[in-house]
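Everything below concerns the one structure shown next.
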Amino acid sequence: SQQGEEDPQALSIQEGENATMNCSYKTSINNLQWYRQNSGRGLVHLILIRSNEREKHSGRLRVTLDTSKKSSSLLITASRAADTASYFCATGETGANSKLTFGKGITLSVRP
Amino acid sequence: DTGVSQNPRHKITKRGQNVTFRCDPISEHNRLYWYRQTLGQGPEFLTYFQNEAQLEKSRLLSDRFSAERPKGSFSTLEIQRTEQGDSAMYLCASSRNQGTATGELFFGEGSRLTVL
């Protein structure tokens, strides 16, 4: 079963614009992670935010976590054509015996 | 290359045949995961190992599926009597022990299975 639900399912923006992707989940979590996947390739870890953190930055990435609303957002600033990929949120659930549960993903297209 | 390695990258087989995938994790990682991903979906958890012990299996893992990690290093995922519904990308990932929480997963490039 998939826990996270990303929103929107697809996003198309112009190079240089910011991209905001949202994720909602259902259960208590230890942490929430975002991954990126280029077509036909494996997933690459982008950022991890723990349940006691509210915001985290890494380069052009900013992630927020609101555990009261069971939601997270990923912001990519000053997007580039190379950011075109699928993005997934994944939750490490409390007591879930150390596995990540992924959402269905968001397809981001950045037009040059 | 010190990343996660998966073989074969592509496998085409006829329904009813058996297939085996191999995963070589990052050497110092003691946790190894298998996920399955179909087109347009996120990865779905199949099973995971801590060292050689298989600690959890998903209900998705029917009795036709078996995974092993005999020496706590590489792992194999075997599918017996393949069905067309088994067609998917099989992803392997590894990670360092993070206690009860799951830390960053390092994924391989996947093994794509097509069952005709």
Side-chain angles (χ1 to χ4, degrees), chain A residues 1-10 21 23-25 27-53 56 58 61 63 65 85-108, chain B residues 1 3-7 9-10 21 23 25-26 29-51 53-61 88-112 114:
Chain A
S1 63
Q2 296 185 297
Q3 137 112 301
E5 279 194 25
E6 292 95 341
D7 168 56
Q9 290 188 335
M21 292 170 267
C23 169
S24 60
Y25 58 91
T27 65
S28 296
I29 60 171
N30 285 315
N31 64 63
L32 186 144
Q33 303 179 35
W34 285 89
Y35 287 78
R36 165 197 168 123
Q37 184 178 37
N38 287 81
S39 181
R41 308 293 296 274
L43 283 79
V44 175
H45 180 265
L46 295 176
I47 195 164
L48 179 155
I49 186 165
R50 293 184 173 79
S51 59
N52 61 354
E53 297 175 314
K56 206 162 180 181
S58 176
L61 305 179
V63 66
L65 178 64
S86 293
Y87 292 81
F88 297 90
C89 72
T91 51
E93 297 162 42
T94 305
N97 205 16
S98 301
K99 69 173 189 279
L100 286 184
T101 305
F102 286 81
K104 293 185 178 181
I106 297 169
T107 301
L108 173 66
Chain B
D1 190 323
V4 177
S5 176
Q6 291 189 245
N7 288 288
R9 291 290 313 280
H10 303 274
F21 300 115
C23 173
I26 294 172
H29 287 180
N30 60 347
R31 288 187 178 167
L32 186 148
Y33 300 79
W34 286 100
Y35 283 83
R36 180 172 70 187
Q37 186 179 27
T38 53
L39 198 62
Q41 300 294 313
E44 292 179 299
F45 171 79
L46 293 178
T47 188
Y48 100 94
F49 294 83
Q50 179 147 319
N51 301 313
Q54 188 173 18
L55 295 188
E56 187 173 345
K57 294 197 295 185
S58 164
R59 288 172 296 171
L60 292 175
L61 216 63
M89 176 80 89
Y90 291 85
L91 294 163
C92 176
S94 67
S95 74
R96 292 185 187 87
N97 190 1
Q98 297 274 335
T100 55
T102 304
E104 175 183 353
L105 297 188
F106 292 78
F107 280 85
E109 295 288 355
S111 292
R112 181 169 295 285
T114 301

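A, B, ... follow the sequence lines: proteins, then strands. Residue 1 opens every chain. Remember, it's a predicted structure, so these values are computed and weren't measured experimentally. What's counted below: heavy atoms across the whole structure, side chains too, no hydrogens, waters or symmetry copies.
For chain B, the nearby part of Q37(A) is the side chain; its heavy atoms alone come within less than 4.5 Å. Contacts between Q6(B) and chain A at a heavy-atom distance below 4.5 Å are absent for every atom of the residue.
With hydrogens and angles ignored, the 3.5 Å screen pairs a side-chain donor or acceptor of Y35(B) with a backbone N or O of L100(A). Formation of a donor-acceptor pair under 3.5 Å by the E56(B) side chain with backbone atoms of K99(A) is not found in this model.
Between F88(A) and Q41(B) there is no side-chain heavy-atom pair separated by less than 4.5 Å. Using a 4.5 Å heavy-atom threshold, the side chains of F45(B) and F102(A) count as separate.
Looking at residues two or more places apart in sequence or on another chain, you find a salt bridge (Lys or Arg N to Asp or Glu O under 4.0 Å) between R41(A) and E109(B).
L105(B) and Q33(A) make their closest contact through N-OE1, 4.2 Å (heavy atoms, listed as atom of the first residue, atom of the second, distance).
For Q9(A), the CD atom sits in a loose shell: 12 or fewer heavy atoms of surrounding residues, nucleotides or ligands are nearer than 6.0 Å.
Distance CG/L43(A) to CD/Q37(B): 6.0 Å, rounded to 0.5 Å.
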